[in-house]
There are 2 protein chains.
Amino acid sequence: MRRIKLTVAYDGTEYCGWQIQPNGITIEEILNREISSLTGEEIRVIGASRTDSGVHALGNVAVFDTECSIPPERIAYALNRRMPDDIVIMKSEEVSHDWHPRYQDVITKTYEYHIYNADVPNPMKRRTTAFVSFPLDIEKMREGAAYVVGEHDFASFCNVRTNTNDTVRTVYEITVEKREDEIVIRIKGNGFLYNMVRIIAGVLIRVGRGFYEPEKVRDILEEKKRTEAGVTAPPQGLVLIGIDYNKEN
Amino acid sequence: MRRIKLTVAYDGTEYCGWQIQPNGITIEEILNREISSLTGEEIRVIGASRTDSGVHALGNVAVFDTECSIPPERIAYALNRRMPDDIVIMKSEEVSHDWHPRYQDVITKTYEYHIYNADVPNPMKRRTTAFVSFPLDIEKMREGAAYVVGEHDFASFCNVRTNTNDTVRTVYEITVEKREDEIVIRIKGNGFLYNMVRIIAGVLIRVGRGFYEPEKVRDILEEKKRTEAGVTAPPQGLVLIGIDYNKEN
């Protein structure tokens, strides 16, 4: 029995998120189905990040155990021939039997939130950006963003339905930059609470349009009160860029 | 009766191109339906460019005549509330009664062809780029591209099914540049033959991977022989960026 680690990219538009659920088709479900069909076993992958409905990934991670004889690094290729074209296995590799994509000592996750900021929406960007028609002040967004860097109790930056008591996380870095006609918020941390990046994006959009002062980010952080959906930026702007395991295997 | 000019953007993925046809839904059909429903008249738009199935636009142009009392510049707003979200009216304005989007003295059209050049396809780019896994040499693509600039008989750069005898066109400018992880061929000209930009892109991709020398572009041009589909780059990489009418209205 070998444990295989997959790096998975997807356009999440057509999926009800990562995790299997009764209301619609999910990434996890497609992976289980196609890997089972490839190996002839009944495969259940374990994923690193349960991304929400409509959220994308360029580097989500999943593992599964198999007896199949396909060389580990060829599994990506074999799977990509079966996958729908909005899910791509970027890489496959063997890891040790006890390697788990969520329970590692050191994990760094990187997300990007993409905003299309113009008078009129761009139909070619509607699946991969949030559209904001108010002009956004990037400098003010940067000032506001600076307050989330470091170890904080992010209770105010998670959804009321967050299923954990430990709301302390560390944000290593956050940048706000203009890339052609998009504004991209890029954030690295040791983990993110439910909706945390989308709430940070939602608050920074309010800062960018002048509805909040940059210091409001600090005030919200200090409130430590879980958030209703109102300020949460929409899912299509969010991409899980990748997960770094410093102590891999 | 007033003539209204629309600037139209769309993600062409789900459409059988611009022009109405029996096999599937088209951009023209949606425009006719939604404008007719808005004004209560039976509207038939006249389009500038009949883009192919799967091809996108940020600035295609169409006109229609109407008796409706909505201020011309508000028609875009009213239509966008009815349009599917992959078609957006960027602008609406009144033009003179005899203004025609194809028959003007001076027209400059700008297209871009987007290539995603990497080992593994990116599912978030699959609708808007052509995927090429062979490494492409941009410098050689630029050398090859230079041969198409100027007034030429582009017979070799049109499809065998091209419905015209006059295959002379002028390319004003062509650039090949790297934009993040995409290679973008941008081309401006006074008009383009059927599949012309996609054939130029297909030939330049062959140059970029070393299959053709850059001088081959000149040789193909000199052959003046219409082309089978083989070398035509796929539709999803192509975007009609815009149409400039120097003697507008």
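For the numbers below, each heavy atom of this structure counts, side chains included, while hydrogens, waters and symmetry mates do not. Numbers restart at 1 for each chain; the letters A, B, ... are given by sequence-line order, proteins then strands.
- Rounded to the nearest 0.5 angstrom, B/Asp119 CG and A/Lys91 NZ are separated by 11.5 Å.
- Considering CZ of A/Arg126 and CD1 of B/Ile87, their distance stands at 10.0 Å, rounded to 0.5 Å.
- The distance from the OG1 atom of A/Thr128 to the CZ atom of B/Arg127 is 10.0 Å, given to the nearest 0.5 Å.
- Of residues 76-86 of chain B, those residues with a non-hydrogen atom less than 4.5 Å from any non-hydrogen atom of chain A are, in numerical order, B/Asp85, B/Asp86.
- To the nearest 0.5 Å, the span separating CD on B/Glu180 from CD on A/Glu180 amounts to 6.0 Å.
- Closest approach of A/Val120 and B/Ile89 over heavy atoms only: CG1-O, 4.1 Å.
- When the shell of 6.0 Å around OH of B/Tyr172 is examined, it contains more than 12 heavy atoms from other residues, nucleotides or ligands.
- B/Asn122 is listed as a side-chain neighbour of A/Leu58, based on a closest heavy-atom distance under 4.5 Å.
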